[in-house]
Amino acid sequence: MQQTSRRQFLSHVGQGMLAASLGTALAQDMGLSSAAVWDDTQPLKFGRLEPLVALMQETPVTKLIPALMQKLESGIELKTLVAAGAMANARTFGGQDYIGFHTFMALSPAYTMAQRLPGNQQALPIFKVLYRNTQRIQDKGGHDHEVLHQVALPQSPLPQYDGNALRESMRQCNMDQAEKQFAVIAQGKPADAFDELQPLVQDQIDVHRVVLAWRAWETLNLTGIDHAHTLLRQSVRYCVAHETEVLRRNRSTPEIRTVLPQVIDQFQLASKQLGQRRADESWIKKLADVVYRSDRKQAAEAVAQAIAEGIHPEDIGEAITLAANALVLHDPGRPQDWAAENKPAGSVHGDSVGVHASDAANAWRCIARVSSPRNAIASLIVAAYHTAGQTQRQLPQPYPQAEHLEKIKATKPESLLIAIEAAIRSKDQALTCALVHQFGAAGLPERQIFDVLLRFALSEDGALHAEKYYMTVLDDFTRSRPAFRWRHLDALARVTASEYGYPAPGYAQACELLKVN
């Protein structure tokens, strides 16, 4: 069989599947009762957000940022613009377009980035991602090719479904059935619907599968919970479409479907409550090293044992994110055979093994934090399994290496910051990483480094990953103890230098209109 790249495979997931069935929508989105029967050929409407959603879909992309400026000047908040962009994305793509779902996953991080900027610059990250959003929506046909529509629900009383039934429909590649089941599930509390979604997310290791689920949940902070079903059903459709593509290509059944129940049974975790025993730094370092160096099943067992011993889930999650971080710092760079126009040989940004691993580990950890005990336990086990087994091409020593640190002559904070910016603009990954490491070793404030790296995360395209990875590092840094947290900034520094030189479309226009130099 002809070999297909990961990107081509995921592109196929977003093609050909769109006609498999139409979608669903939560009753609250339309203001209808759960007893109603909906016509699944009818479009979704988003109430007061609808005019802005339509603007995101219909405005020519060259005129989008001026239109968004007018909305801001009229008093509409940035949060509302992001919410409208998220709904336009969900309605158009339904989680089934590669660039589309990457753009959706960047929206909530962009809003967080905005909060860290001065007032006159706060719209920059949002305008940047919304530009990409509208550009892709129009590339795919806009309103005329929307994936999500209303869905027909049975008359009351509604049947009872759970995550296991939903997962079975996914494994059967039955999009229509999965959509209707999840529409019923979503009539309850959004938190319960998110929890019932997790068996699908845990059923395969795939960075987009888990990050899309987490960012959909996180984006509810911007859209409001009334839109929970619309955002979460993207994950249902993604998982069913992915399963269909796996079967079409005659790929083997994912091993995690056997490993996860085996490990839960082996360590008697089925009814286990999460432990509260705090681990020390040496324990976390040891588990991180086990996850980094082991094969997938061994890593899953190591984490299951830690759960059985009552270790606090935050400490387990910290170790897993450190293992993923090591994949960035040990990365030899993209080989020539994998090079692309905006991801040359030697680069580590975009869909590199370390960036993907870090984004996935962070999402698994976040999901575990808001899930039921059963799904929290499963998420941590799958996170370890997902992170492990990826050291085949890794360097023996991580960045920054001694030879890189020896080149640093600057000692004063101002001189180090100037040198960091110069190293990024020279695309010198090793020197940038070493300078940032030295800044941290000197006990200088991390906010200064985050602010420097934020400027480049804004100006550069980042091969669809700049916003997500910045948010991953910010979150992992914040939740790590001081002995480990700076490693995450070292990794972000390296990735920032790698992605420099590929300006983000729409960014220059946004700077001009916002009068940002």
Side-chain angles (χ1 to χ4, degrees), residues 23-38 44-49 79 82-83 86-87 90-91 94-95 104 107-108 148 150-170 177-203 209-240 270-274 313 363-380 382:
T24 2
L26 188 61
Q28 293 95 315
D29 289 346
M30 279 68 67
L32 301 174
S33 72
S34 61
V37 177
W38 302 337
L44 283 179
K45 299 292 183 181
F46 299 120
R48 64 179 182 82
L49 278 180
K79 179 179 179 180
V82 177
M87 305 316 293
R91 184 164 72 184
F104 174 84
L107 284 166
S108 179
L148 296 190
Q150 295 185 27
V151 66
L153 283 181
Q155 296 282 359
S156 294
L158 294 175
Q160 297 295 309
Y161 299 115
D162 61 11
N164 292 326
L166 190 61
R167 182 179 58 195
E168 186 58 32
S169 294
M170 181 206 72
Q177 181 169 285
E179 277 271 54
K180 290 178 179 178
Q181 288 174 337
F182 191 66
V184 172
I185 290 170
Q187 299 301 295
K189 296 178 180 178
D192 293 340
F194 186 64
D195 208 55
E196 298 296 349
L197 178 63
Q198 297 316 306
L200 278 70
V201 181
Q202 299 157 6
D203 219 35
R209 193 184 195 102
V210 63
V211 177
L212 177 60
W214 170 244
R215 294 302 177 202
W217 179 253
E218 183 183 57
T219 304
L220 293 177
N221 291 323
L222 305 176
T223 65
I225 62 171
D226 284 353
H227 298 294
H229 178 237
T230 297
L231 297 190
L232 296 180
R233 67 188 286 207
Q234 295 178 96
S235 289
V236 174
R237 295 188 69 89
Y238 180 94
C239 291
V240 176
S271 57
K272 178 77 174 178
Q273 293 299 306
L274 297 170
W364 285 118
R365 187 183 184 188
C366 289
I367 289 173
R369 195 174 292 124
V370 300
S371 295
S372 64
R374 191 274 172 200
N375 280 325
I377 288 168
S379 293
L380 291 172
V382 180

Enquirer: Heavy atoms only: give me the nearest Leu153-Ala183 pair and the separation to one decimal.
Expert: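 Closest heavy-atom pair between Leu153 and Ala183: CD2-CB, 3.6 Å.
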Enquirer: With a 4.5 Å limit on heavy-atom distance, are the side chains of Val151 and Lys180 in contact?
Expert: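 Val151 reaches Lys180 side chain to side chain.
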Enquirer: How long is the gap from CG on Leu107 to OG1 on Thr219, to the nearest 0.5 Å?
Expert: 6.5 Å
Enquirer: Taking the side chain as every heavy atom from C-beta outward, state whether Ile367 and Asn375 have any pair of such atoms under 4.5 Å apart.
Expert: no
Enquirer: Considering only heavy atoms from C-beta outward, does the side chain of Val201 approach that of Trp214 to under 4.5 Å?
Expert: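 Heavy-atom side-chain distance check fails, nothing below 4.5 Å.
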Enquirer: Can you list everything that forms a side-chain hydrogen bond (donor to acceptor under 3.5 Å, both in side chains) with Glu218? Sequence neighbours excluded, please.
Expert: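 With sequence neighbours excluded, Glu218 shows a side-chain hydrogen bond (donor to acceptor under 3.5 Å, both in side chains) to Ser108, Arg215, given in chain and number order.
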Enquirer: State, to 0.1 Å, how close Ser371 and Gln198 come at their nearest heavy-atom pair, and which atoms those are.
Expert: OG-CG, 4.2 Å
Enquirer: Do the non-hydrogen side-chain atoms of His229 and Phe182 ever get within less than 4.5 Å of each other?
Expert: yes
Enquirer: Taking all non-hydrogen atoms of both residues into account, name the closest pair between Gln202 and Ser379 and its distance.
Expert: NE2-OG, 4.0 Å
Enquirer: With side-chain contact (heavy atoms from CB on, under 4.5 Å) as the criterion, how do Leu166 and Glu196 come out once you've worked through the C-alpha distance, each side chain's angles and the decisive distance to 0.1 Å?
Expert: CA-CA 8 Å; Leu166 190 61; Glu196 298 296 349; 5.5 Å; no
Enquirer: Do Ile377 and Leu274 touch side chain to side chain, with heavy atoms closer than 4.5 Å?
Expert: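 In short, these two side chains touch, coming nearer than 4.5 Å.
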Enquirer: Which heavy atom in Gln177 sits nearest to a heavy atom in Ser169, and how many Å separate them?
Expert: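 Nearest heavy atoms, Gln177 then Ser169: NE2-OG, 2.7 Å.
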Enquirer: Report yes or no: does Glu168 contribute a side-chain atom to a donor-acceptor pair with the main-chain N or O of Asn164 at less than 3.5 Å?
Expert: no
Enquirer: Begin from the C-alpha positions of Thr223 and Phe46 and carry the test side-chain contact (heavy atoms from CB on, under 4.5 Å) through to its verdict.
Expert: CA-CA 10 Å; Thr223 65; Phe46 299 120; over 6 Å; no
Enquirer: Say you draw a straight line from CZ of Arg91 to CG of Leu148; how long is it, rounded to the nearest 0.5 Å?
Expert: 9.5 Å
Enquirer: If you look at every heavy atom in Pro373 and Gln273, which pair is closest and at what distance?
Expert: CG-OE1, 3.8 Å
Enquirer: Evaluate the side-chain proximity of Arg209 to Ser235: yes if any heavy-atom separation is below 4.5 Å, no if none is.
Expert: no
Enquirer: Using atom types as modelled and distance alone, determine if a side-chain donor or acceptor of Arg167 lies under 3.5 Å from a backbone N or O of Asp203.
Expert: no
Enquirer: Quick one, Met87 and Leu231 - any side-chain contact, counting heavy atoms below 4.5 Å?
Expert: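 Touching, per the 4.5 Å side-chain cut-off.
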Enquirer: Tell me, please, which residues at least two apart from Phe194 pass ring pair (Phe, Tyr, Trp, His ring centres under 6.0 Å).
Expert: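 Ring pair (Phe, Tyr, Trp, His ring centres under 6.0 Å) check on Phe194 returns Trp217.
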Enquirer: Check Leu197 against Leu232 and note the closest heavy-atom contact, atom names and distance.
Expert: CD2-O, 4.0 Å
